Number of protein chains: 2
Amino acid sequence: MRAPLDPDMFDPLCPSELMPMRIGDKWAGMVIRCLEHGPRRFSELRVPIRGVTAKALTKSLRGLERDGLVSRTAHTGRVEYDLTPLGRSLLHPLAVMCAWAQDHWEELIDAREAQTAAATA
Amino acid sequence: MRAPLDPDMFDPLCPSELMPMRIGDKWAGMVIRCLEHGPRRFSELRVPIRGVTAKALTKSLRGLERDGLVSRTAHTGRVEYDLTPLGRSLLHPLAVMCAWAQDHWEELIDAREAQTAAATA
DNA sequence: CAGTATCCAGGAAGATACTG
DNA sequence: CAGTATCTTCCTGGATACTG
């Protein structure tokens, strides 16, 4: 819960850009994973979700709020984001997606390379 | 296999626009479902996938091809698209996503309405 | 039939600067 | 700290017309 988020939890070595499945917008899946073990503050989220601007993260969070997946609570002097029960119910589909990615990542990469090779030839 | 695709299989009553999960781009999930029971031709796909322009469908198909999820075969005088084994392996995650949507659709709609009401007030 | 070509409008997202 | 405001660029995607 209170452990800080690992700055490398979305290391570029796991290039989610290539993922053919997605939850919400570009950042929403990462936000959900960050909230998996308890509430987090805005600037906490910015650490592992590298390269996200305040604007983009705000928009993603607003979208998740609008869909009832994430709650925003303003305490005195700080703001916390947390998963709602509905958001938490997404963890299972998300896990299935991640499992698929692990199982088929090689094939995915190979297919892309074959395609690139064919295009170059 | 040979049965024509139901033109209403993606009826607006199932507004996939609201779906917070997605496979590939805007149309890819629908393409995959269309190919579930066997190969289809370009213009067959355009029937249930309403409102897709040739350009958008082409782009979606090219993306799926590039990722090795769909194969394109030019027979004499016709072109057929089919799922590859890799593409077929996506059917399970896709089913999980659809099951989630069925289970939580009400909550999702309610959350949106509550949000809209709050914004209006 | 199965696309390609061209034009255009709207949204996504980065950079940067600023605020209660 | 938790954003908002502005500007700009990129990209998506729709409309339309055309082609082998």
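Chain identifiers are assigned alphabetically (A, B, ...) following the order of the sequence lines, protein sequences preceding nucleic acid strands; residue numbering begins at 1 within each chain. These numbers come from the heavy atoms of this one structure, side chains and all, not from hydrogens, waters or symmetry mates. Because the structure is a prediction, the values reported are computed rather than measured.
- Going from atom CZ of Arg22(A) over to atom C1' of dT12(D) covers 13 Å, rounded to whole Å.
- Put simply, the side chain of Arg33(A) never gets that close to the backbone of Phe10(A): no donor and acceptor are under 3.5 Å apart.
- A close approach under 4.0 Å does not occur between any side-chain nitrogen or oxygen of Lys26(A) and OP1 or OP2 of dG11(C).
- In this structure, Arg72(A) does not reach the dA2(D) phosphate: none of its side-chain N or O atoms is under 4.0 Å from OP1 or OP2.
- The main-chain N or O of Thr84(A) is never found under 3.5 Å from a side-chain atom of Ser71(A) such that the two would form a donor-acceptor pair.
- Between Arg62(A) and dT4(D) there is a side-chain polar atom (N or O) within less than 4.0 angstrom of OP1 or OP2.
- In this entry the distance linking NE2 of His75(A) with P of dG3(D) reads 12 Å, nearest Å.
- Taking every side-chain heavy atom of Thr53(B) into account, dA15(D) is the closest of dT4(D), dT4(C), dA15(D).
- To the nearest angstrom, C1' of dG14(C) lies 16 Å from CD1 of Ile49(A).
- For Arg50(A) (side chain) and Pro7(A) (main-chain N/O), a donor-acceptor pair under 3.5 Å exists by modelled atom type.
- Counting non-hydrogen atoms under 4.0 angstrom, Arg46(B) reaches nothing in the nucleic acid.
- Here dG3(D) presents its P atom at 10 Å from CG of Leu45(A), a figure rounded to the nearest Å.
- When rounded to the nearest whole Å, the span between CG of Leu57(A) and P of dA12(C) equals 15 Å.
- Residue Lys59(A) is classed as a sugar-phosphate contact, given heavy-atom separations below 4.0 Å to backbone atoms only.
- One interatomic measurement links the two molecules: CZ of Arg50(B) to C1' of dA15(D), which rounds to 20 Å at whole-angstrom precision.
- Distance, Leu61(A) CG to dT4(D) C1': 15 Å, rounded to whole Å.
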Per-nucleotide pairing state of DNA chain C [Watson-Crick or G-U, under 3.5 Å; [ ] pseudoknot-crossing; | other strand]: ||||||||||||||||||||

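- Proximity of a side-chain donor or acceptor of Asp67(A) to a complementary backbone N or O of Leu69(A) within less than 3.5 Å is not detected.
- No single ILVMFWY cluster, assembled from side-chain heavy atoms under 4.5 Å apart, contains both Val47(B) and Tyr81(B).
- At a cut-off of 3.5 angstrom, counting only N and O atoms as typed in the model, there is a donor on one side and an acceptor on the other between the side-chain of Lys55(A) and the base of dG14(C).
- In this model, the phosphate group of dG3(C) is approached by a side-chain N or O of Tyr81(B) to a distance below 4.0 Å at OP1 or OP2.
- For the residue pair Ser60(A) and Asp25(A), a side-chain donor N or O sits within less than 3.5 Å of a side-chain acceptor on the partner.
- In terms of phosphate contacts, Ser43(B) brings a side-chain nitrogen or oxygen within less than 4.0 Å of OP1 or OP2 of dC1(C).
- As a whole-Å value, the separation of Glu44(A) CD from dC1(D) C1' is 12 Å.
- Shown here for Pro93(B) and Val96(A), the closest heavy-atom pair between the two residues is CA-CG1, 3.9 Å.
- You'll find that the side chain of Arg78(B) is closest to dA2(C), out of dA2(C), dG14(C), dG3(D).
- Listed nucleotides: dG3(D), dA2(C), dT4(C). Nearest to the side chain of Val79(B): dA2(C).
- Of the possible polar contacts, one joining the Glu44(B) side chain to the Arg41(B) backbone as a donor-acceptor pair under 3.5 Å is found.
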